[in-house]
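Only this structure's heavy atoms are used, side chains among them; waters, hydrogens and symmetry mates stay out. Residue numbers start from 1 in every chain, and the chains themselves are labelled A, B, ... in the order their sequence lines are given, proteins ahead of strands.
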4 protein chains.
Amino acid sequence: MLKIAVLGAGRIGQVHAANVAHHNDAQLVMVADPFIDNANALTALYGGTAVNNPLDAINHQDIDAVVICTPTDTHVELMLAAARAGKAVLCEKPVDLDIRKAIAAEKALGEHASRVMLGFNRRFDAGHSETYQRIRNGEIGDLHQVIITSRDPGLAPMNYLKHSGGIFRDMVIHDFDLARWILGEEPVEVFATGSRLFEPSLEALGDYDTVMVQLRTASGKQCQINCSRQAVYGYDQRLEVFGSNGMMLNDNQRETSVRRYGPQETEVRGPLLNFFMQRYTEAYRHEMDVFISAIRNGSTVPVTIHDGCQALKLADAAQLSADTHTVVTVD
Amino acid sequence: MLKIAVLGAGRIGQVHAANVAHHNDAQLVMVADPFIDNANALTALYGGTAVNNPLDAINHQDIDAVVICTPTDTHVELMLAAARAGKAVLCEKPVDLDIRKAIAAEKALGEHASRVMLGFNRRFDAGHSETYQRIRNGEIGDLHQVIITSRDPGLAPMNYLKHSGGIFRDMVIHDFDLARWILGEEPVEVFATGSRLFEPSLEALGDYDTVMVQLRTASGKQCQINCSRQAVYGYDQRLEVFGSNGMMLNDNQRETSVRRYGPQETEVRGPLLNFFMQRYTEAYRHEMDVFISAIRNGSTVPVTIHDGCQALKLADAAQLSADTHTVVTVD
Amino acid sequence: MLKIAVLGAGRIGQVHAANVAHHNDAQLVMVADPFIDNANALTALYGGTAVNNPLDAINHQDIDAVVICTPTDTHVELMLAAARAGKAVLCEKPVDLDIRKAIAAEKALGEHASRVMLGFNRRFDAGHSETYQRIRNGEIGDLHQVIITSRDPGLAPMNYLKHSGGIFRDMVIHDFDLARWILGEEPVEVFATGSRLFEPSLEALGDYDTVMVQLRTASGKQCQINCSRQAVYGYDQRLEVFGSNGMMLNDNQRETSVRRYGPQETEVRGPLLNFFMQRYTEAYRHEMDVFISAIRNGSTVPVTIHDGCQALKLADAAQLSADTHTVVTVD
Amino acid sequence: MLKIAVLGAGRIGQVHAANVAHHNDAQLVMVADPFIDNANALTALYGGTAVNNPLDAINHQDIDAVVICTPTDTHVELMLAAARAGKAVLCEKPVDLDIRKAIAAEKALGEHASRVMLGFNRRFDAGHSETYQRIRNGEIGDLHQVIITSRDPGLAPMNYLKHSGGIFRDMVIHDFDLARWILGEEPVEVFATGSRLFEPSLEALGDYDTVMVQLRTASGKQCQINCSRQAVYGYDQRLEVFGSNGMMLNDNQRETSVRRYGPQETEVRGPLLNFFMQRYTEAYRHEMDVFISAIRNGSTVPVTIHDGCQALKLADAAQLSADTHTVVTVD
């Protein structure tokens, strides 16, 4: 049994705590949150001890691994402290909003990096994962183009947007990671277009509500990402991969397979899975499972801080590109 | 060039006249209709001579073939006259509403039957036809079950219903022919259920608005037909064939492939092709093409008066079954 | 917390034990199975005590409810014993293979019946349940026709088939319950066709591998069920409901939404959820949730032994109809 | 009756000739082709006179309109000659491969331009056209993003590619026109990526086999186009339009609606309509109809030489962008 502490008892911490608690090979032994009531609520449900200082968990001898779900600006500090204390780490994305700090953290981690996993949830989605495997198995021949659709169901609260780092770093960063993973090569050229089409107040933040990004790898593979902070029909998450011998599509998912046929409109389908908590419920479970397996088996985690840094570099490049209307080269 | 006369310039006569006129190997030389204005309207568009007596066409030496689109109770008489005059015949279904008259006609035709084709349009639908071919090619192994959905978009006028012979003879007869064709065996057992669920006035006609039929062949193959005189979402025409190695579905067709996603409902598709004139437009073209080819090549037409009689027997059996709540055996 | 014992630690007992163990308002306190190793395996995973005699659980004072997952011929005895001991009961279908014994049990239960729930899992499927609700809310107007497709992915072991009671009682009984529930009226007329199209050895058992059933209610609502013991493409579970103002379809479900497009065939979708354990995983969870809620709230369970008896009557009628080629009236 | 001459009896001239011949308000009176056999083949089928010099048609007093289907480098000359001779013109795209020559032609046409229509076939596709109308009717609110997928089923012959002007001018030009039309605004910024991923010999031509383009309008609307010269699964033509109140998709079309379910793969759909001659058959018919109507009614044609010039400017900008890895501004 891997003994795990969850640091941060907010929305995503709750998801991870439940997944740890229900896992056959792991045990939730501690939950840390400065708002101790939040921590208590989780330990009441799933067992374990509530503490308010994450370092209490990191330094506790009975703990094998920590899941970092705290605010972004604490990720690097906690990750390093945990790694140095010999703990395995599953850390929510992003590493940090500052690429220099993220790269420094990668360097500082050194050999510990093999036990520090970044939580890019989409890699663990059943459909994305199946697509990845089948592409690698050669089902569509050589990969030529990737198209990613990524639209949130609604604008996040302004309070969040003020500190999020902007759409490229808070939202498209997932798509950058997905693109890198599926492409199997690093993008070397980034062009991004950013617009404020429905939320003019984002101008004061230097942010955008609607963006498109085009990427190219050194060998000429191509990728387009389209992204909006608000799709009225729900959380739109699609992936298309085109190659020399075919194409694969991973489409949206719905709550049920029911269709209605009526006098005005025929074949009406129901709502999409509404947001990432629903759409990626199973992905979070699978992510935790993969983390626990890797740590128990002593194998390197499949998503590392290096992946976190590379995705952040692309986000920075996209921000610069959109702001300056130029093509940005990524080294 | 096959020289063709169309007998009857009503709705379906207009379809056939246009298809003859546009066919590369045929010529529309005459249109007969007692309402000479109707005939004139067609010859104005497509050429040829308008006459008011169908026998003028049947007996004209320059005519190779006639298409019978006149009222049902004239079908047998005109078919026999044309066949005896050496003309090839394409006759709209049904042969007659009276099975004895239909069987007598089959007998009277004798060897002429190979040049008298019955117009069961569905056999010439691209999807049904593809399904038939692929089943015969063994794509689903041995055939076990057939399910036919057949719903009209709205109730026919009461004036039509009074003389139509009832739902089994005016509507389900198409499905009986489709069932026989796809099954590749004669049904020997018929059970039908008839209800009046939205049009109580049909009781006076001994007719139903909603029916289901279950068929069995001698070897145990099974078929279900569901049928309504009114589907508010349009003309619902589906075919499912299930076998030992798979299943094939022929689904409805829409005007375009456009889908809309909106705030209330996601993935809304547009209307079905509205009724048989739209749904089976290409089927009528293909039917005429097959007829013209068969006659020009001297081969037997692929749908004969025998098929017309067998479908009518099933319709009669279904009517009896529904009226008496008993299983009816077909010899 | 509702304290629950699971009687029978076989395949379906394992499902129910896990769902009880993970439920926030219930506790798995006992598992009974004459093969004590099976019971031990479950209590090792989920806690509780393993016993080999179900009556030990039924008579234990700390137990509020039992889930009966034992062989069919013990259902009635255990159900009555548990009810008389004041326990709530969730009993797997069927009540019994003998309708007289089932009806006698219904009578014997008397007022206890409100706390004895039958495990017809399909009623708790998200899609079927949504369909039911929306039909009752009037979305398709008056209900006219129901079409149920129910095909297993492969033939059950001969050992099972010898004692299953035949296809109508072991398999179509689910569809009879679904039909009754969706129709909202009792079928009064049953016609069934049974064939042996791929497994001739079923003749010795008086059983069929392929059946179709047609039902009618007193008010003329109609239902068709098509059923096969073997669909090579997987577990085919579809529901279509047609009414005066539209239609609703609940389609099959797949593991993922991935589609592949290749040189030979375009748009290939992956496998269906393979069998009832996958297809109805969530339904079993929801069923347990509904059971626990009803018992905790003191409300009548939503599926009673009466439903079990009525479905069995329809199965008996279908068997008789298929065996005799006659229409059978159900009182 | 509009009297029409078709100039050029090649593949696309044959399509237009048939559509003229079958149109109720038009008559095919002349076909011009230097290979007189080609012209004769068409007049034999549809009537009219065959000539080998297109100027014979342009200068013939009995001709109201000409359809220009000759090689690209003759378009401007014939268009101007016909316009000056008082003929209405339907000219295949592109105006010319040289934007200066195209702009000069636009200027030279002057007021004649209202009777000179450019043959951008996609605007007349039923699905694209429905999408356009419904967007303009406000069904998706304000338009934010357009995504166009445009992949040919296979590489064109090298002989064609040597003179085609490159992928942006021979193929993506259709998508540029579609983008302008749907966006309802001129793109002002173009970024394109070009790769040679499967046909290295295109390097000698300065051409690409796989491209992506990103466009922005002055108001910030965004568009992405993805394009390949070879999709093994067929002619892939999709349009997605995303806005403040929803999304519309126009999907590919298939020959039939048949789906097969088998032991290895479930739900296999058949081939896409193979190439533009099949996919846009109806679009060509509709395009001719619109042209004939506009000329007969004296209204301005809906697609003008200006549209041809603007699409060509975007193609030029894309070529420059891809060649230089820079963002190109369009004035």
Which of residues 227-234 of chain B have a heavy atom under 4.5 Å from any heavy atom of chain C? C227(B), S228(B), Q230(B), A231(B), V232(B), Y233(B)
Residues passing the side-chain hydrogen bond (donor to acceptor under 3.5 Å, both in side chains) test with T193(B), sequence neighbours excluded, are Q214(C)
Counting only heavy atoms closer than 4.5 Å, note whether [X] contacts chain B via side chain, backbone, both or neither.
X: I147(C); answer: side chain
X: D142(C); answer: neither
X: S244(C); answer: backbone
X: D209(C); answer: neither

Closest-packed option against chain B by number of heavy-atom pairs under 4.5 Å, given [options]:
options: L215(C), N245(C), V211(C); answer: V211(C)
options: S195(C), S321(C), G243(C); answer: S195(C)
options: H144(C), M212(C), R196(C), M247(C); answer: M212(C)

Donor-acceptor list for residues 268-278 of chain B side chains, cut-off 3.5 Å, not counting sequence neighbours:
unit_1: R269(B); atom_1: NE; unit_2: E267(A); atom_2: OE2; d: 3.4
unit_1: R269(B); atom_1: NH2; unit_2: E267(B); atom_2: OE2; d: 3.4
unit_1: Q278(B); atom_1: OE1; unit_2: F275(B); atom_2: N; d: 3.2

Just by distance, no angles: are the side chains of [X] and [Y] close enough, under 3.5 Å, to form a donor-acceptor pair?
X: H325(C); Y: E189(B); answer: yes
X: T149(C); Y: D236(C); answer: no
X: E186(B); Y: T217(B); answer: no
X: T210(C); Y: Q145(B); answer: no
X: T131(C); Y: N250(C); answer: no

Against chain C, label V328(B) side chain, backbone, both or neither, depending on which of its atoms sit under 4.5 Å from a heavy atom there. neither
Measure distances from T329(B) to the heavy atoms of chain C and classify the residue's part below 4.5 Å as side chain, backbone, both or neither. neither
Within 45° of the axis and under 6.0 Å from the centre of the six-membered ring of F242(C), does NZ or CZ of R151(B) qualify? yes
Please list all pairs passing the salt bridge (charged side-chain N to carboxylate O under 4.0 Å, His left out) test where one or both residues lie in residues 310-331 of chain B, with sequence neighbours left out. R169(B)-D316(B)
Give a yes or no on whether the backbone of I225(C) and the side-chain of Q224(B) come within a donor-acceptor separation of less than 3.5 Å. yes
